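Here is the structure we will look at.
Residue numbers count from 1 along this sequence. Treat the numbers as computed from the prediction; the structure is a model and nothing was measured. As the structure lists them, so they are numbered: ligands from 1, and atoms in each ligand from 1.
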Amino acid sequence: MEAFIRGLPKVELHLHIEGTLEPEMMFELAARNGIELPFADVEAVRAAYEFTDLQSFLDIYYQGAAVLQTEQDFYDLMWAYLERMAGENLRHAEIFFDPQTHTERGIPFEVFMGGFARARADAEERFGISTMLIMCFLRHLSGDDAVATMREAMPFAGQITAVGLDSGERGNPPERFAEAYAMASAAGLRAVAHAGEEGPPAYITGALDVLGAERIDHGVACEQDDALVARLADEGIPLTMCPLSNVKLRVFGRLEEHNLKRLMDRGVKVTVNSDDPAYFGGYLSENYAALQRALGLTRDDLVALARNGIEATFLDGGAKQRLLGELDDYSAA
Ligand code: ADE
Ligand code: ZN
């Protein structure tokens, strides 16, 4: 089953590039940039990854991102992720980045966008992996900050496919970001948003109705509202779910309790993703494999999940059909 999962042609729709920073690279970049880390070694970093909720993770995650300074650092980060994923037959990824985490530290857009662009081009050429970028607004900051970030991003809009919304969810409803999302839409960008990870189902509804989100990132809380589940199913709104993340951040006590399969059985277009794999103990294949074991998923379930992912991408019809064809060939073989 694990070999079947590794070879399965997969897409990833919920992956924070800053969340792929492995402790080894954290130390390498800290040394390169003359930054002092509050950890003795790589083992001490890993030992600190015991989270009690989303915020306890975010505190460490934003601290880790401070080692990213130069264009080459952002190249190395993106390249390491894509090179690793070539070994898991990743075919396409729509990748989140958090510009405010970097601009707040005085790192301008040119620096991270330049590094990302170079690594993405190299991965497309070397591995045939296509990628898109989704720029996230940090929801613990203000709506005005998001608008200012959108303005700064305008010269790079051609490299960005969509906008998203992440960071601490509780007490930070989506409505505050309506103006930034409207600007993004006017610039031709698509929209997604984290909602219903730790927050209530109303944040999912707000993301759909006020922000125009076309996919919901996480969305596990929808299960508290039957009408919302029915709406997600009827309208074919994908959920980008991240099973290992949800256990690490204690959204579910155990993977066996995860609602992905229950929602799938109710007709919701659920997808499997890795969120922040360097922090949560597994990349995309491990998420599929852990879920398969915990929920007793069949090969047909796994293929259906991979298919949902492809259908939920922002790729055009032709590119989707090619990937669906690859998936059909793989599952028939
Ligand atoms: N930023 C990185 N990972 C996140 C998550 N799971 N939820 C909200 N913001 C995040
Ligand atoms: Zn996320």
Side-chain angles (χ1 to χ4, degrees), residues 11-22 26 49-66 68 77-78 81 93-104 112 132-141 145-146 149 162-174 176-177 180 191-200 203-204 206-207 211 213-222 238-252 255 258-260 270-284 286-287 309 312:
V11 305
E12 176 133 70
L13 304 177
H14 186 154
L15 180 279
H16 302 263
I17 196 63
E18 295 88 352
T20 67
L21 179 63
E22 291 286 346
M26 196 185 289
Y49 292 175
E50 281 298 329
F51 310 117
T52 51
D53 60 6
L54 175 57
Q55 192 58 50
S56 68
F57 153 69
L58 291 170
D59 292 342
I60 284 198
Y61 166 80
Y62 293 134
Q63 182 181 56
L68 296 161
L77 181 71
M78 180 66 84
Y81 165 70
E94 303 185 359
I95 301 173
F96 295 131
F97 68 107
D98 284 338
Q100 289 157 296
T101 299
H102 312 305
T103 54
E104 269 193 332
F112 47 86
M132 295 175 178
L133 290 178
I134 302 176
M135 179 176 81
C136 287
F137 304 115
L138 296 180
R139 69 196 307 159
H140 68 272
L141 301 178
D145 286 336
T149 299
V163 290
L165 185 64
D166 65 2
S167 195
E169 186 181 10
R170 280 200 200 111
N172 294 312
R176 208 162 72 221
F177 302 93
V192 301
H194 283 56
E197 177 185 17
E198 283 190 345
Y203 286 15
I204 299 175
L211 304 184
E214 300 169 71
R215 297 194 299 245
I216 295 295
D217 300 312
H218 293 296
V220 297
C222 72
L239 301 184
T240 66
M241 305 191 105
C242 307
L244 292 177
S245 164
N246 292 152
V247 173
K248 272 303 251 191
L249 302 187
R250 307 205 190 169
V251 174
F252 293 99
L255 205 48
H258 202 283
N259 61 9
L260 176 138
V270 297
T271 68
V272 178
N273 308 274
S274 70
D275 209 4
D276 302 284
Y279 292 86
F280 299 152
Y283 284 75
L284 187 54
E286 283 96 7
N287 273 274

If we ignore hydrogens and angles and just use 3.5 Å, is the side chain of [X] paired with the main-chain N or O of [Y] as donor and acceptor?
{"X": "R215", "Y": "T240", "value": "no"}
{"X": "E12", "Y": "N273", "value": "no"}
{"X": "E169", "Y": "E198", "value": "yes"}

| query | Does the side chain of Y62 come within less than 4.5 Å of E104's, by heavy atoms? | reply | no
| message | Assess the residue pair Q55 and D59 against the criterion (side-chain hydrogen bond (donor to acceptor under 3.5 Å, both in side chains)); give the C-alpha distance rounded to whole Å, side-chain angles, the decisive distance to 0.1 Å, and a yes or no. | response | CA-CA 6 Å; Q55 192 58 50; D59 292 342; 2.9 Å; yes
| query | Taking the six-membered ring for Trp, are H14 and H218 parallel (under 30°), tilted (30 to 60°) or perpendicular (over 60°)? | reply |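 Perpendicular.
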| Of the N, O or S atoms in H194, the one nearest the Zn ion (ligand 2) | NE2
| query | With the Zn ion (ligand 2) at the apex, how many degrees lie between NE2 of H14 and NE2 of H16, rounded to 10 degrees? | reply | 110°
| Of the backbone and side-chain N, O or S atoms of D275, does one lie nearer to the Zn ion (ligand 2) than 2.8 Å? | yes
| request: Tell me the residues surrounding ligand 1, counting only those with a heavy atom closer than 4.0 angstrom, sorted by chain and number. | output: H16, L54, F57, L58, Y61, D166, S167, H194, E197, H218, D275, D276
| query | Is the distance between the ring centroids of F96 and H194 under 6.0 Å? | reply |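 Yes, they do, as the ring centres are separated by less than 6.0 Å.
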